[in-house]
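Order of the sequence lines sets the chain letters (A, B, ...), proteins ahead of strands, with each chain counted from 1.
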Protein chains: 2
Amino acid sequence: MARTGRPREFDRDKALNAAMTLFWAQGYEPTSLTQLKSCMGNISPTSFYAAFGSKEALFREVVQHYLATYGQVMSPLWDENLIPRDAIERTLRGSARMQATRTHPCGCLVVSGASNCSPENEAVQALLAAERQRTRTGIRVCVERAIARGELRDCATTAALPDIFATFFHGMTCEARDGMTSTHLDAAITSLLTLWDANALLTTP
Amino acid sequence: MARTGRPREFDRDKALNAAMTLFWAQGYEPTSLTQLKSCMGNISPTSFYAAFGSKEALFREVVQHYLATYGQVMSPLWDENLIPRDAIERTLRGSARMQATRTHPCGCLVVSGASNCSPENEAVQALLAAERQRTRTGIRVCVERAIARGELRDCATTAALPDIFATFFHGMTCEARDGMTSTHLDAAITSLLTLWDANALLTTP
DNA sequence: AGATTTTCATATTAAGTGATCCAGAAGTAA
DNA sequence: TTACTTCTGGATCACTTAATATGAAAATCT
């Protein structure tokens with residue numbers, strides 16, 4: 001990108017990662033420019049704005065970076081090569097493990113990154129809301145695919161499965177942040193999936 | 001309380017309710033004193049501090065008020081006269097209906113009231129975290145009581161039930177705020193409870 | 001009445017907010 | 001070298017934050 005001129009003295013990727021950690025832990029609004037600049041390597045305001053544009057632009061970049069890395073635990077949802085049940089199980093277990101890992105802030109950035117917002121930052125809130133909606137759609141598509149493939153009965157219980165999984169999925173953020181371990185979440189997922197199996201249809205091998 | 005002196009010109013209860021609505025919608029930190037004073041009836045800073053002490057003191061009072069009113073949807077959890085399954089079902093359905101009602105902000109204040117916090121407001125965050133822990137305990141006690149009463153099998157699946165219900169319960173806040181209707185939540189609860197029934201023991205009538 | 005108590009409106013505080021300006025430093029390109 | 005581009009540090013911007021100070025207004029109590 002910058003082929004000429006004075007080279008940047010700080011590592012942009014490291015700074016982005018540090019910002020992600022801070023936003024992840026505190027959320028968008030409570031995180032101040034002062035905190036950000038500090039954790040990004042004591043960079044100056046000028047350097048900050050030259051490199052990232054604004055606080056909101058940085059947050060949007062952080063979200064993209066999060067989705068491309070930690071957020072990939074949800075990629076099974078969109079993998080049509082996987083059996084639907086497998087896709088959902090992998091997503092839930094992968095998210096549980098990721099969200100409860102203590103090497104970074106707990107919970108999911110998309111769920112808790114901008115949950116408290118004043119009216120002037122509605123756009124930031126909407127950004128994450130849209131991403132959550134995408135997840136719900138992915139879950140629903142998986143369940144519908146399972147029904148279409150004859151792996152799941154088409155009944156009232158299975159019709160509610162997408163909402164159950166989505167609610168449980170988003171609830172994990174609260175639990176992980178409150179200290180629930182990956183082991184506990186995993187056990188809960190195991191039990192929750194018996195709800196799927198109780199409505200599964202036998203497929204001839 | 002105030003028997004003598006100039007009487008207060010604004011309605012303290014109405015002001016508290018208005019503050020609750022604002023905190024409920026935006027969360028603790030993004031809600032400014034200016035917004036609060038405005039929605040509480042354009043009261044002056046002096047009146048505000050005389051009546052409520054500080055922003056944090058007001059929030060604590062708001063939480064108590066919330067627990068004493070809207071938060072009562074969880075009271076079945078502590079009602080030992082109820083059959084455990086009934087206690088949990090009433091709590092879930094009552095919360096779902098309350099959280100999705102549009103006459104006030106969606107979701108649960110205890111879950112979303114201080115989810116984004118800077119370090120200096122950890123105490124506020126801890127206040128709500130403690131309340132959520134109380135809920136988890138209530139759910140767990142219900143399940144354990146059901147097992148002790150012989151209404152639920154004592155197995156791995158039922159051991160995970162408290163965590164499932166708690167995670168789902170806290171997840172409802174995210175769903176309700178994102179627009180999920182009471183009807184959808186209710187249907188999800190119905191299906192989720194089949195997980196209980198699948199592990200229920202027959203009680204001789 | 002007059003003393004006391006409490007609330008009110010206005011102005012103001014110090015600190016923090018996100019964001020910009022400017023002069024100089026440190027590179028590349030001719 | 002000289003011209004050009006980009007980054008850095010520090011000062012500063014206008015604005016908002018939560019919280020106070022001051023003095024007058026409005027009630028009760030003696």
TODO: Measure from CZ on A:R8 to P on C:dA26 and round the result to the nearest Å.
DONE: 17 Å
Task: Step-by-step side-chain contact (heavy atoms from CB on, under 4.5 Å) determination, A:Y28 to A:L109 - done: CA-CA 10 Å; A:Y28 179 71; A:L109 174 68; over 6 Å; no
Open item on the list: Within the 4.5 Å heavy-atom criterion, are B:Q35 and B:Q26 side-chain neighbours or not?
Closed with: yes
Task: Rounded interatomic separation in angstrom, taking CG from B:L58 and P from D:dT17 - done: 16 Å
Open item on the list: Please report the distance, rounded to the nearest Å, between CD1 in B:I43 and C1' in C:dC8.
Closed with: 11 Å
Open item on the list: Taking ring-ring contact (aromatic ring centres under 6.0 Å, His included) as the criterion, tell me which of B:F52, B:F23, B:Y66, B:W24 meets it with B:F59.
Closed with: B:F23
TODO: Could you tell me the separation between the CZ atom of B:F10 and the C1' atom of C:dC8, rounded to a whole number of Å?
DONE: 10 Å
Open item on the list: Salt bridge or not between A:D79 and A:R90? Use side-chain N to carboxylate O under 4.0 Å.
Closed with: no
Open item on the list: For a side-chain contact (heavy atoms from CB on, under 4.5 Å) check, start with the C-alpha distance between A:T21 and A:H104, then their side-chain angles and the critical distance, and finish with the verdict.
Closed with: CA-CA 7 Å; A:T21 301; A:H104 50 71; 5.6 Å; no
Open item on the list: How many whole angstroms separate atom CE of B:M40 from atom P of C:dT7?
Closed with: 14 Å
Task: Gap between atoms CG and P, on A:N42 and D:dG10 respectively (whole Å) - done: 11 Å
Please tabulate, one pair per line, each protein N/O and nucleotide N/O from nucleotides 18-20 of chain D that are separated by under 3.5 Å, including the distance.
{"unit_1": "D:dA18", "atom_1": "OP1", "unit_2": "B:T31", "atom_2": "O", "d": "3.4"}
{"unit_1": "D:dA18", "atom_1": "OP1", "unit_2": "B:L33", "atom_2": "N", "d": "3.3"}
{"unit_1": "D:dA18", "atom_1": "OP1", "unit_2": "B:K55", "atom_2": "NZ", "d": "3.1"}
{"unit_1": "D:dA18", "atom_1": "OP2", "unit_2": "B:L33", "atom_2": "N", "d": "2.6"}
{"unit_1": "D:dA19", "atom_1": "OP2", "unit_2": "B:Y49", "atom_2": "OH", "d": "2.9"}
{"unit_1": "D:dA19", "atom_1": "OP2", "unit_2": "B:K55", "atom_2": "N", "d": "3.3"}
{"unit_1": "D:dA19", "atom_1": "O5'", "unit_2": "B:Y49", "atom_2": "OH", "d": "3.3"}

Open item on the list: Distance check, rounded to the nearest 0.5 Å: B:Q72 atom CD versus B:M74 atom CE?
Closed with: 8.5 Å
Task: Residues B:R93 and B:D186 bridged, charged N to O under 4.0 Å - done: yes
Measure all distances between protein nitrogen or oxygen atoms and nitrogen or oxygen atoms of nucleotides 27-30 of chain C, and list the pairs falling under 3.5 Å.
none

Task: Residue pair B:P84 / B:V143, side-chain heavy-atom distance below 4.5 Å - done: no
TODO: Round to a whole Å and report the spacing from CZ of B:R12 to P of C:dT7.
DONE: 10 Å
